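Have a look at the structure below, then the notes.
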2 protein chains.
Amino acid sequence: MSLQHALLGVLEARPMNGYELTRFFDAAPRWVWSAPQSQIYPTLRQMEQAGLIEGQKEIRGTRLKRTVYSITEHGLEELRTWLGTGHTPAPVRDSFSLQALFFDMIDADRAASVLKAYIAEQEQLITEWRAHREALLAKDTDLLKERLKNRPPAEHDRIAGLKANVFAGQVAVAQARVDWARESLRLLAEGV
Amino acid sequence: MSLQHALLGVLEARPMNGYELTRFFDAAPRWVWSAPQSQIYPTLRQMEQAGLIEGQKEIRGTRLKRTVYSITEHGLEELRTWLGTGHTPAPVRDSFSLQALFFDMIDADRAASVLKAYIAEQEQLITEWRAHREALLAKDTDLLKERLKNRPPAEHDRIAGLKANVFAGQVAVAQARVDWARESLRLLAEGV
DNA sequence: ATCTTCATGTAAGCAGTTACATGATTAG
DNA sequence: CTAATCATGTAACTGCTTACATGAAGAT
């Protein structure tokens with residue numbers, strides 16, 4: 001269900017076609033939700049059928065060039081309802097922690113190299129999210145600029161602050177993971 | 001793929017039947033991986049076909065009573081290989097952060113109530129994981145006791161320490177989420 | 001000319017969810 | 001005698017992954 005709400009949230013900023021949305025959800029500087037191209041196009045058609053979004057077909061000559069989707073009143077309503085509802089938590093399914101749970105079964109140095117790769121990966125995420133947070137605070141992202149056009153200027157700081165705060169949270173969680181992984185490296189080393 | 005490795009990791013401690021495994025993966029005091037009953041039985045049969053585990057059928061009279069699965073040499077090998085390998089990180093897909101990203105679209109008090117529910121939920125997890133960590137440190141969980149029977153006593157402290165540490169990590173991450181959520185509540189309130 | 005970017009699609013398959021179904025054994 | 005626990009199964013469906021496929025437009 002969440003991909004639909006993610007798409008609604010993005011389209012609330014401005015209308016986009018499938019290609020733009022694909023780049024956004026597939027992008028290397030990671031967001032909070034990702035989705036492959038093959039999932040986005042069918043989902044957009046589903047959402048149009050459900051009346052959540054509306055597709056504007058652009059024709060060039062005789063051929064379809066692209067379909068630009070915009071959020072409908074119904075879509076906005078659905079998004080706001082979803083945002084205001086507490087949802088049942090996703091079941092715990094943490095494949096890295098699962099791996100770490102059985103590190104006692106392998107050599108300490110092999111476990112250490114897995115942990116180091118994990119640290120590198122989390123630090124990469126931290127870098128990307130931190131940059132995104134800064135950009136949001138400076139109101140310097142494409143999407144936020146578009147979004148603020150439909151909002152009273154008095155609220156701009158608050159909106160940017162709230163969104164930046166989400167990425168501060170992502171950074172904090174990833175940092176907790178890195179700290180834990182470093183502590184684990186120490187534990188593994190002393191046990192040898 | 002991870003469910004199979006989770007099952008292998010559990011069965012390495014001692015042989016179990018589908019029902020026991022179901023209770024373990026479905027259990028309220030949450031672990032690091034969960035799975036419903038309907039997924040466990042077919043997966044066990046798949047794994048037996050692949051030679052990762054071996055089912056011992058217990059017959060009572062003419063009827064099948066239960067099938068107790070134990071890990072095979074091949075299963076142990078597969079588990080160790082998986083444990084020693086760095087796996088490509090799962091795509092970022094955080095439905096709560098997605099929700100929080102658009103809190104500016106709804107009333108601050110509705111957003112606050114969603115955050116409060118999130119805090120309660122994370123604190124519940126913290127309680128469960130903290131208890132599990134303590135139990136592991138005290139070598140006082142059913143599974144750990146079984147597992148240690150096949151390990152040299154000199155390593156018992158180290159093994160328990162490593163496993164407990166994983167749950168310390170879960171707690172730390174959940175705590176980071178709670179701290180972030182509390183900070184967000186403050187941000188929402190001051191913006192009004 | 002050829003390579004990249006723009007733009008959209010399909011199809012097979014796996015993992016996980018929800019729900020239904022059956023029957024034996026054990027405890028109160 | 002009845003309810004809870006033990007024990008195993010299936011079937012439909014949704015969400016996501018991997019991979020293949022096509023073609024126009026713009027850049028070098």
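Hydrogens, waters and symmetry mates are skipped; everything else that's a heavy atom, side chains included, is used. Not measured: the values here are computed from a predicted model. Convention: sequence-line order gives letters A, B, ...; per-chain numbering from 1.
We find that CG of A:D26 is positioned 14 Å from P of C:dT5, with the value rounded to whole Å. To the nearest angstrom, P of D:dT8 lies 9 Å from CD of B:E20. The CD atom of A:E58 sits 14 Å away from the C1' atom of C:dT8 (whole-angstrom rounding). A:K57 places its NZ atom 16 Å from the P atom of C:dA7, with the value rounded to the nearest Å. The OH atom of A:Y19 sits 15 Å away from the C1' atom of D:dT22 (whole-angstrom rounding). One can place CZ of A:R66 at 13 Å from P of D:dA25, the figure rounded to the nearest angstrom. In this entry the distance linking CG of B:D94 with P of D:dC16 reads 13 Å, nearest Å. Taking atom CD1 of B:I59 as the reference point, atom P of D:dT8 lies 11 Å away to the nearest angstrom.
When each of B:T67 and A:S34 is assigned the nucleotide of DNA chain D with its nearest heavy atom, B:T67 is the one assigned upstream, toward the 5' end.
The closest side-chain heavy-atom distance from B:P91 to A:W33 is not below 4.5 Å.
Using a 4.0 Å cut-off, no side-chain N or O of B:R23 falls inside it from OP1 or OP2 of D:dA7.
Scanning for ring-ring contact (aromatic ring centres under 6.0 Å, His included) contacts around A:H87 gives A:W82, with sequence neighbours left out.
For the segment residues 35-51 of chain B, residues with any heavy atom less than 4.0 angstrom from an atom of DNA chain D are, sorted by number, B:Q37, B:S38, B:Y41, B:R45.
Checking C:dA15, D:dC16, C:dT8 against the side-chain heavy atoms of B:R93 singles out D:dC16 as nearest. The listed nucleotides are C:dG16, D:dA7, D:dG15; the one nearest the side chain of B:K65 is D:dA7.
Between A:F103 and A:F96, the ring-plane angle classifies as perpendicular under the 30° and 60° cut-offs.
Across all their heavy atoms, A:G169 and B:W180 have their closest contact at CA-CD1, 3.1 Å. Among all heavy-atom pairs drawn from B:L3 and B:A35, the shortest one is CD1-CB, 3.8 Å.
A donor and an acceptor atom, one from each side chain of A:Q170 and B:S97, are located under 3.5 Å apart.
Side chain of B:K65 to backbone of B:I59: no donor-acceptor contact under 3.5 angstrom is found.
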